Visitor: 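Handing you a structure now.
A, B, ... follow the sequence lines: proteins, then strands. Residue 1 opens every chain. Nothing here was measured: the structure is a model prediction, and the numbers come from that model.
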Amino acid sequence: MELLRNAGPSGYLVALLGLGGVVMLALTFAMLMASRARQALLFAGLVLGFGSAALLVGFAGRIAGRKEVFRAIAHVAADQREQLLALGFEEANAALTLGAGFGVPLLTLGAAAMALQFARAGGRR
Amino acid sequence: MSSVFSMWQVGGGWMYPLALLNCGLLPLSVVLLTLGIGSKERNAVLYAVILLVAGLSPAMLGAVAQHLTMMNVEEVIAMANPADQATIRAAATGEAMTTTLFGLSGAVIPVFCGFVLLGIGLGRLPRFEESPP
């Protein structure tokens, strides 16, 4: 929860995209179990889409956070810069942590679902 | 709205090609997604690959723009008063990141559409035809 609060608005967007991806992942595996190849591939595409969007938004959130940190430290005393930089970077990295936390597993599992479907179709031929 | 305008001012000349790319990619995503849904599997996969590659181009351009800006900043800093160098570097680094942020924002929708279209296109391949029960 603290991670979400530190990440700011981009964190909420990442969480929304990530949860959308998790739902699509569940649907992908449901279709895989039911041997419905076309629907499984469609949902796997959606999983990859949501995963990559979460990762990109997380990365954009990190850049936006760092941008604000650099803008802020230009206006503070030199002795406070290091401390402010460390604290600011920690907060800015929260967005990327959240984005990677959702994005990397979604991308991996989405690609794995696609590969599994291809392997199954290859075995049938 | 004012933050977008200030971002535009801070981004400098690199914002023009980035804005052109971002504005071009949004309608392109919609058009290729629509065309891909209504076309054969081969075309759908082709459009998906185009969207994925084109979608990453603004992010790459934004990152290149940031690095080129930082190179110019370092040249300027070398001639500045040593007492002001840290302040100038901090302010300039924050401003240089604008292009990367803008590029990444423009990459989200085309990449999402590209992956969705890839799933649709691959699902239409003849090997995934469902046999009747």
Visitor: To the nearest 0.5 angstrom, please state how far the CG atom of B:L118 sits from the CG atom of A:L46.
Guide: 11.5 Å

Visitor: Do any side-chain atoms of residues 93-109 of chain A form donor-acceptor pairs under 3.5 angstrom with protein atoms, and if so which ones, sequence neighbours left out?
Guide:
from: A:N93; atom 1: OD1; to: A:R62; atom 2: NE; distance (Å): 3.1
from: A:N93; atom 1: ND2; to: A:F89; atom 2: O; distance (Å): 3.4
from: A:T97; atom 1: OG1; to: A:N93; atom 2: O; distance (Å): 2.7
from: A:T108; atom 1: OG1; to: A:V104; atom 2: O; distance (Å): 2.6

Visitor: Does any part of the side chain of A:L19, heavy atoms only, come nearer than 4.5 Å to the side chain of A:F50, both counted from C-beta?
Guide: no

Visitor: Could you tell me which residues in residues 98-113 of chain B have at least one non-hydrogen atom under 4.5 Å from a non-hydrogen atom of chain A, sorted by residue number?
Guide: B:T98, B:T100, B:L101, B:L104, B:A107, B:V108, B:V111, B:F112

Visitor: Atom OG1 of A:T28 and atom CZ of A:R36: how far apart are they, to the nearest 0.5 Å?
Guide: 13.0 Å

Visitor: Once you round to the nearest 0.5 Å, how far does CG of B:L33 lie from CD1 of B:I120?
Guide: 6.0 Å

Visitor: Need one label for B:L117: side chain, backbone, both or neither, based on atoms under 4.5 Å from any heavy atom in chain A.
Guide: neither

Visitor: Residue by residue, scan residues 75-97 of chain B and write down, ordered by number, those that have a heavy-atom distance under 4.5 Å to chain A; if none do, write 'none'.
Guide: B:A86, B:T87, B:A90, B:A91, B:T93, B:G94, B:M97

Visitor: Between A:L85 and A:F70, is a side-chain contact (heavy atoms from CB on, under 4.5 Å) present by the stated rule, with each step listed?
Guide: CA-CA 8 Å; A:L85 203 66; A:F70 278 118; 4.1 Å; yes

Visitor: Under 4.5 Å between any side-chain heavy atoms of A:L32 and A:F43, yes or no?
Guide: no

Visitor: Within this structure, what is the CG-CG distance for the pair A:L13 and A:L56, rounded to the nearest 0.5 Å?
Guide: 11.0 Å

Visitor: Got a sec, which residues hit side-chain contact (heavy atoms from CB on, under 4.5 Å) with A:V76, two or more places apart in sequence or on another chain?
Guide: A:I73, A:Q80, A:R81, A:L84

Visitor: Between A:A60 and chain B, with a heavy-atom cut-off of 4.5 Å, which part of the residue counts as in contact: side chain, backbone, both or neither?
Guide: both

Visitor: For a 4.5 angstrom cut-off between non-hydrogen side-chain atoms, does B:L125 reach A:F118?
Guide: yes

